[in-house]
Amino acid sequence: MHKKFDHVAIEKKWQDTWEKSGIYNVGDRDHSKEKEFVLIEWPYPSGNLHIGHWFAFAVVDIYVRVRRMEGKQVLFPMGFDAFGLPAENAAIKRGLDPKAWTESNIEFMRNQLGSMGNAFSWDKTTSSTDPDYFKWTQWMFTEFLRNNIAYRGKGKVNWCPGCNTVLANEQVLANGTCERSGDVVEQREMTQWMLRITDFADALIDELDHLDWPEHIKDAQRNWIGRSVGARITFPLSTGDSIDVFTTRADTLFGATALILAPEHPLLESLKSHITNVEEVERYQSTTRTKKDEERTAEGKEKTGVRLEGVTATNPASKEEIPVFIADYVISTYGTGALMSVPAHDERDFEFAKKYELPIYQVVSGLHKATSLEHQFTGEFDLPYCGEGVLMQSEQFNDLETGEAKAKITEFVNGKLENTYRLRDWSIGRQRYWGVPIPVVYDPEGKAHPIPKEHLPWHLPTDVDHTPTGEPPLSKSKELRERVTQIFGEGWTPDFETMDTFVDSSWYFLRYIDNANPTEFSSKKAQEDWMPIDIYFGGAEHTTMHLLYSRFWQKALHKLGLVTVDEPYTKRINRGLVLGPDGNKMSKSKGNVIDPDEQVKNMGADTVKMYLAFMGPYGETTNYPWDLGGIAGIRRFLERVYGLREHIHEGESKETTKLLHKTIKKVRSDIELYKFNTAISSLMVFVNHVEKHGLLQTEYETFLTLLAPFAPHLTEELWHDGGHSTSIHEEGLPEADESLAKDELVTVAVQINGKMRGTITIPPDAKEKDALKAAQDDPSLGGRLHGAPKKIIYVPGRILNLVIEE
Ligand code: ANZ
């Protein structure tokens, strides 16, 4: 009987050995090797690793180890995104110092991460709370301020009336309530520190085309940014003022029969002296104030509005006098906060016009050079036509195609072609304690000044009560005020806000690559050595927040000449979630949480990692339920591997050699597709085979090296047991001998006129004419195939599809 597989002793032994030898430290760039920078999102140090961390980190470690064994110099850093509300809330609840709480969590989590046995480049670690880190976060902010990328402006924030504070988006639950107090979160307009992400909207969309990311992630970013291509057109008012509208359909201008403003439109104040129904207007304005944009624009919601009596506008194309309204379906922060209403061609305008009895003029026919009555309205009609087509009732523009008419009509009325975006500038100020202090001071006149570099890092004061009252906690600090007076003089005051944590994570990869640099955030040399990140594995929840913010940040730094590349991430893979055994999202209240520490204790780190990798393809953002039977199966597999040396024998078997090479080939190709699950299956098939038929010592060792990325501790143990004194993780990844790995013959399905008619057995790389000949020669198929087929679709190794005359 073989020795017991004592995973506890084995894993501890090798973790200690690896740590001592620093085998996974990456050190300086070694230009004799190709580089691969593999990034995973740095965790928040909550004080406990959960199974999601394992799914995020341990599975990616397989990929990392494969790349290392292929001879690449792999950078696989790990650090901590350690500022943020959870630490502050824990501090408030337990009366602790958030700094001490965070530091002890980091230490604890580093140990837990050690138990994973990952090939982390710990020599490149950093943490957002490290003064050497946030000093540079602050410095970048001051550079943005100097270059007008940061500014103070109005922004919408989540405000919790229960906690008396602004909340980060992540703290607002899906039902719109605060995660802590349960209060309904309100939207408030506040003056805030903002970053001009909207200046980069075009670049952020356009450069997606060059990134090797899954289309669904790119689409999500495109939709989030929401570029609308259109025009700005000016409508003169009877009062002598004028109003600009944004429209995507300048071609419909002759059909605009009203001008509609958002109830918050800034011009309304000055128009009030002309408006004769001011009271009614003000009443409507105050009812809109409490409504959310989504509520105002919801489909099917009855359209409401108020006509501004005493004010009219002129349609700049038809010169017709048209009424002016306010209506809540017009959003103040979109476009210009005003629209031209074209009832014949827009659903919302159509409903509005019906209700307020506005004229409806059809100006687009859905036809090319209107020849039939389809989409032609004749007098009364029930629905607007929202498509493209050909212009009518538009004077000299009649018969133009809508696309061409957009530009021509815009030019005719001196409008401007312009884009509008859904994306808003990024509001980064938080009235909370545990974040990077905004490095700004105000002079006695109240003007903001960036804090000079020599005073950075600008530390958080410690004499602060964290209890949220609505006032930023820093405003209560005597220490901070005194510091400012001492450095800048009497009458100078500090900024009291701290930065959103998404700022911290917008550039962490740049610090990893040069984490000890005292004079720069990241040298150009380090960036030339390591950037861009070759592959970024992360959670689907980051698609439109962190992934977009950090792309923006990199572009802003690039604009200032501070970084070498404009896009940080060449490839991106989003993973899914690990669900509880009951198929639900894990949560304490459902009692379905899987504790990784316990699993590691019982089953071992190699088992947990391989089980997570075995759940399904990694690159498909699918959620997988934890399966207790499944993890036991992996454990049994590794026990069998532990005993595999008993099957070593001397006689060579052609069949085993062939299977080994096929396994190598399959594992290598599956890894390229992030299908760690099927790679593991083929390793299992190999073990099944050799348990029955035995294997050579050399084949055994080749198999161990192939398994090494998946089960690093166990394979290291067996490797040393076999007499080696160097690490298996310094070995090369086995290469398949193509001639051996090849299938000699494959079965190919034959379809004739769309029906499966049989199969042929041919070499996998057989040519089309050989496949056809095999089909014609096949006794069961040949009878149907007289003469040359009309069409042949042949996918080698898969299918032969023939279309024939019947
Ligand atoms: C006239 C028109 C005619 C329009 C037509 C559409 C169809 P997207 O594509 O979503 O960007 N709009 C402009 N500003 C608005 C605001 N602040 N609040 C609500 N709606 C606004 O939508 C652009 C269209 O939304 C614009 O084009 C405008 O209506 C409306 F047959 O102008 B359109």
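For the single chain, residues carry numbers from 1 onward in sequence order. Keep in mind that this is a model prediction, so the values were computed, not measured.
- Remark: Y24 pairs with W18 by the ring-ring contact (aromatic ring centres under 6.0 Å, His included) rule, at least two apart or across chains.
- Considering only residues two or more places apart in sequence or on other chains, D61 meets the salt bridge (charged side-chain N to carboxylate O under 4.0 Å, His left out) condition with R65, K609.
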Item to complete: Please lay out, stage by stage, how R67 and E70 fare under the test salt bridge (Lys or Arg N to Asp or Glu O under 4.0 Å).
Response: CA-CA 5 Å; R67 291 286 182 255; E70 282 173 346; 2.9 Å; yes

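- Of the candidates R68, E36, R29, K33, R29 is the only one forming a side-chain hydrogen bond (donor to acceptor under 3.5 Å, both in side chains) with Q73.
- Checked by atom type and distance alone, the side chain of D212 never pairs as donor or acceptor with a backbone atom of T570 at under 3.5 Å.
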Discussion item. I'd like to know whether R645 forms a salt bridge (Lys or Arg N to Asp or Glu O under 4.0 Å) with D721, so could you lay out the CA-CA distance, the side-chain angles of the two residues, the decisive distance to 0.1 Å, and finally the verdict.
Written reply: CA-CA 10 Å; R645 56 199 136 170; D721 270 359; 3.0 Å; yes

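- The side-chain hydrogen bond (donor to acceptor under 3.5 Å, both in side chains) test with H7 is passed by exactly one of R635, E717, H713: R635.
- Residues meeting the ring-ring contact (aromatic ring centres under 6.0 Å, His included) test with W14, sequence neighbours left out: H720.
- Listed by chain and residue number, nothing satisfies the side chain to side chain donor-acceptor pair (under 3.5 Å) test with D81 (two or more places apart in sequence, or in another chain).
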For residues 595-604, dump all side-chain donor-acceptor pairs below 3.5 Å to protein atoms at least two apart in sequence or in another chain.
{"from": "D595", "atom 1": "OD1", "to": "D597", "atom 2": "N", "distance (Å)": "3.1"}
{"from": "D597", "atom 1": "OD2", "to": "Q112", "atom 2": "NE2", "distance (Å)": "2.8"}
{"from": "N602", "atom 1": "ND2", "to": "E598", "atom 2": "O", "distance (Å)": "3.4"}

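- Without hydrogens or angle criteria, D30 side chain to S32 main chain gives a donor-acceptor distance under 3.5 Å.
- In this structure a side-chain-to-backbone donor-acceptor pair under 3.5 Å is missing from K666 to S681.
- Note on ring orientation: taking the six-membered ring where Trp is involved, the planes of Y512 and Y508 are perpendicular (angle over 60°, cut-offs 30° and 60°).
- The aromatic ring centroids of F509 and Y569 lie less than 6.0 Å from each other.
- The backbone N or O of Q221 sits nowhere less than 3.5 Å from a side-chain atom of T544 that would complete a donor-acceptor pair.
- Under the rule for a ring-ring contact (aromatic ring centres under 6.0 Å, His included), the partners of H689 that lie at least two apart in sequence or sit in another chain are H693.
- Residues satisfying the side chain to side chain donor-acceptor pair (under 3.5 Å) test with S127, not counting sequence neighbours, are T129.
- Residues passing the side chain to side chain donor-acceptor pair (under 3.5 Å) test with S128, sequence neighbours excluded: none.
- Between D16 and the options K20, K13, K12, a side-chain hydrogen bond (donor to acceptor under 3.5 Å, both in side chains) holds for only K12.
- No more than 12 heavy-atom neighbours from other residues, nucleotides or ligands sit within 6.0 angstrom of CD on E650.
- Applying the ring-ring contact (aromatic ring centres under 6.0 Å, His included) criterion to F120, with sequence neighbours excluded, gives F76, W122.
- Residues meeting the salt bridge (charged side-chain N to carboxylate O under 4.0 Å, His left out) test with D534, sequence neighbours left out: K35.
- Judged by distance alone, the side chain of H647 and the main-chain N or O of E691 form a donor-acceptor pair under 3.5 Å.
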Item to complete: Assess whether side-chain contact (heavy atoms from CB on, under 4.5 Å) is satisfied between T501 and Y44, documenting all intermediate values.
Response: CA-CA 10 Å; T501 46; Y44 184 77; 5.9 Å; no

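- Listed by first and then second residue, the side-chain hydrogen bond (donor to acceptor under 3.5 Å, both in side chains) pairs that reach into residues 616-627 come to none, sequence neighbours excluded.
- Applying the salt bridge (charged side-chain N to carboxylate O under 4.0 Å, His left out) criterion to E34, with sequence neighbours excluded, gives K72.
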